[in-house]
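What you see is a predicted model; the values in this text were computed from it and never measured. Positions are given from 1 along the sequence.
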Amino acid sequence: LTEDMRFPIEIDANLRPEGKNGPIVRSLDAYRAYYERWGDTWETQALVRSRPVAGDISLQRDFEAMADALRYTQPLSENGLREIRRIKARVETERLPMGEDPNRNLKLGRGSLSDVEWLVQVIQLQHGVECKGLRTPSTLAALSAAVEQGILGETDAQTLRDAWLMASRIRSAITLWSARNSDALTANTQELEGIARVMAYPAGSARQFEDDYLRVSRRARQAFERLFYPTV
């Protein structure tokens with residue numbers, strides 16, 4: 001029911017407790033028991049982005065309460081922070097397609113969506129206990145809350161916001177232009193021109209569009225490295 005041959009949507013059922021070996025459906029108590037006994041830091045991090053989308057309202061509230069007890073009852077520990085940093089480094093080295101320029105990957109590359117989102121999620125896990133404004137699945141709303149609370153400077157937040165928005169818009173523009181999903185910003189001038197026009201750039205702006213993204217993502221990467229690895 002979710003399949004569209006033009007724009008395929010993949011439901012990753014393996015991304016659940018115990019992976020592909022675990023049950024697809026489990027009770028709330030079973031979820032709670034799993035997280036209490038075996039939940040890792042990355043699973044708590046993933047819960048930061050969780051939000052209910054369908055189902056019984058009271059069950060949604062109960063699940064959110066359970067998730068809050070995991071993600072917002074105590075600040076992220078130093079061991080937890082080290083684990084998140086380690087996993088992020090692995091993602092960058094192991095998940096990028098072989099031979100792809102990391103400066104041009106919109107999802108996992110340098111200054112891309114993942115840089116902004118992982119940094120924001122760390123801030124949420126570190127300060128969400130005392131700052132209710134950070135308790136949101138929205139990356140941009142969490143960025144604004146971090147600025148309001150003095151956790152993040154406005155300049156850094158704007159740099160990260162610009163990169164996240166541009167990468168998101170480019171991914172959508174690629175789909176509209178090519179009728180396929182892709183996380184890579186092409187180097188082909190003709191394709192860049194088409195994507196740029198979808199992005200409302202004037203005719204003949206392919207290279208300007210490319211330079212704009214590379215500049216915005218480069219600045220975001222610099223902010224990410226300074227804030228995500230402050231003691232490294």
Side-chain angles (χ1 to χ4, degrees), residues 12 15 35 39-53 63-64 67-93 95-96 102-103 105-172 183 213-232:
D12 188 355
L15 189 60
Y35 284 121
D40 289 330
T41 298
W42 72 268
E43 291 173 301
T44 302
Q45 180 187 352
L47 285 174
V48 169
R49 293 295 302 275
S50 71
R51 61 184 178 89
V53 294
F63 186 91
E64 288 286 280
D68 283 347
L70 293 163
R71 57 195 175 186
Y72 298 131
T73 54
Q74 57 184 4
L76 181 66
S77 67
E78 285 299 318
N79 285 338
L81 180 57
R82 281 193 293 269
E83 179 67 6
I84 289 175
R85 288 171 175 168
R86 184 188 66 81
I87 295 175
K88 179 65 167 73
R90 281 191 60 191
V91 168
E92 291 185 15
T93 57
R95 294 285 301 279
L96 274 172
N103 293 312
N105 189 286
L106 302 164
K107 183 178 180 181
L108 301 175
R110 297 168 185 160
S112 68
L113 294 172
S114 67
D115 276 4
V116 180
E117 291 176 357
W118 281 61
L119 174 59
V120 169
Q121 288 158 21
V122 163
I123 292 173
Q124 290 177 279
L125 290 171
Q126 289 175 320
H127 302 280
V129 175
E130 70 273 10
C131 176
K132 291 186 177 180
L134 287 170
R135 303 177 189 180
T136 171
S138 167
T139 298
L140 297 185
L143 269 176
S144 296
V147 173
E148 291 172 3
Q149 294 296 317
I151 298 168
L152 192 64
E154 177 57 46
T155 300
D156 283 331
Q158 190 60 53
T159 297
L160 297 166
R161 187 180 295 113
D162 289 345
W164 191 93
L165 285 170
M166 190 167 191
S168 297
R169 291 184 63 210
I170 292 173
R171 292 178 83 203
S172 296
D183 293 320
Y213 175 71
L214 293 177
R215 182 181 67 256
V216 167
S217 61
R218 181 173 64 251
R219 291 175 178 173
R221 180 66 181 194
Q222 291 169 352
F224 165 80
E225 290 182 340
R226 174 165 44 81
L227 296 167
F228 195 76
Y229 302 109
T231 60
V232 176

Donor-acceptor pair, Ser144 side chain versus Leu140 backbone, under 3.5 Å? yes
Pairwise side-chain contact, Asp115 with Trp164, heavy-atom cut-off 4.5 Å (strictly under): no
Presence of salt bridge, Lys132 and Glu148, under 4.0 angstrom: no
Taking Thr93 for the side chain and Arg90 for the main chain, is one N or O donor matched with an acceptor at less than 3.5 Å? yes
Quick check: closest heavy atoms across Glu83 and Arg86, and the distance to 0.1 Å? OE2-NH2, 2.7 Å
SB check Arg110 Glu225 (cutoff 4.0 Å): no
Counterpart residues, side-chain hydrogen bond (donor to acceptor under 3.5 Å, both in side chains), relative to Asp68 (two or more places apart): Arg71
Between the side chain of Arg51 and the main-chain N/O of Pro137, is any donor-acceptor distance below 3.5 Å? no
Over 12 foreign heavy atoms within 6.0 Å of CZ, Arg169: no
Just so I know, are the side chains of Pro52 and Glu64 near enough to count as touching, which here means a heavy-atom distance under 4.5 Å? yes
Answer yes when Arg161 and Glu154 have at least one side-chain N-carboxylate O distance shorter than 4.0 Å, and no when they do not. yes
Asp40 side chain to Trp42 backbone, donor-acceptor under 3.5 Å: no
Is a donor on one side and an acceptor on the other found under 3.5 Å between the side chain of Arg219 and the backbone of Asp156? no
Closest heavy-atom pair and its distance - Ala167, Leu106: CB-O, 3.9 Å
Salt bridge (charged side-chain N to carboxylate O under 4.0 Å, His left out) with Asp162: which residues, sequence neighbours excluded? none
Determine whether the side chains of Gln124 and His127 contain a donor N or O and an acceptor N or O closer than 3.5 Å. no
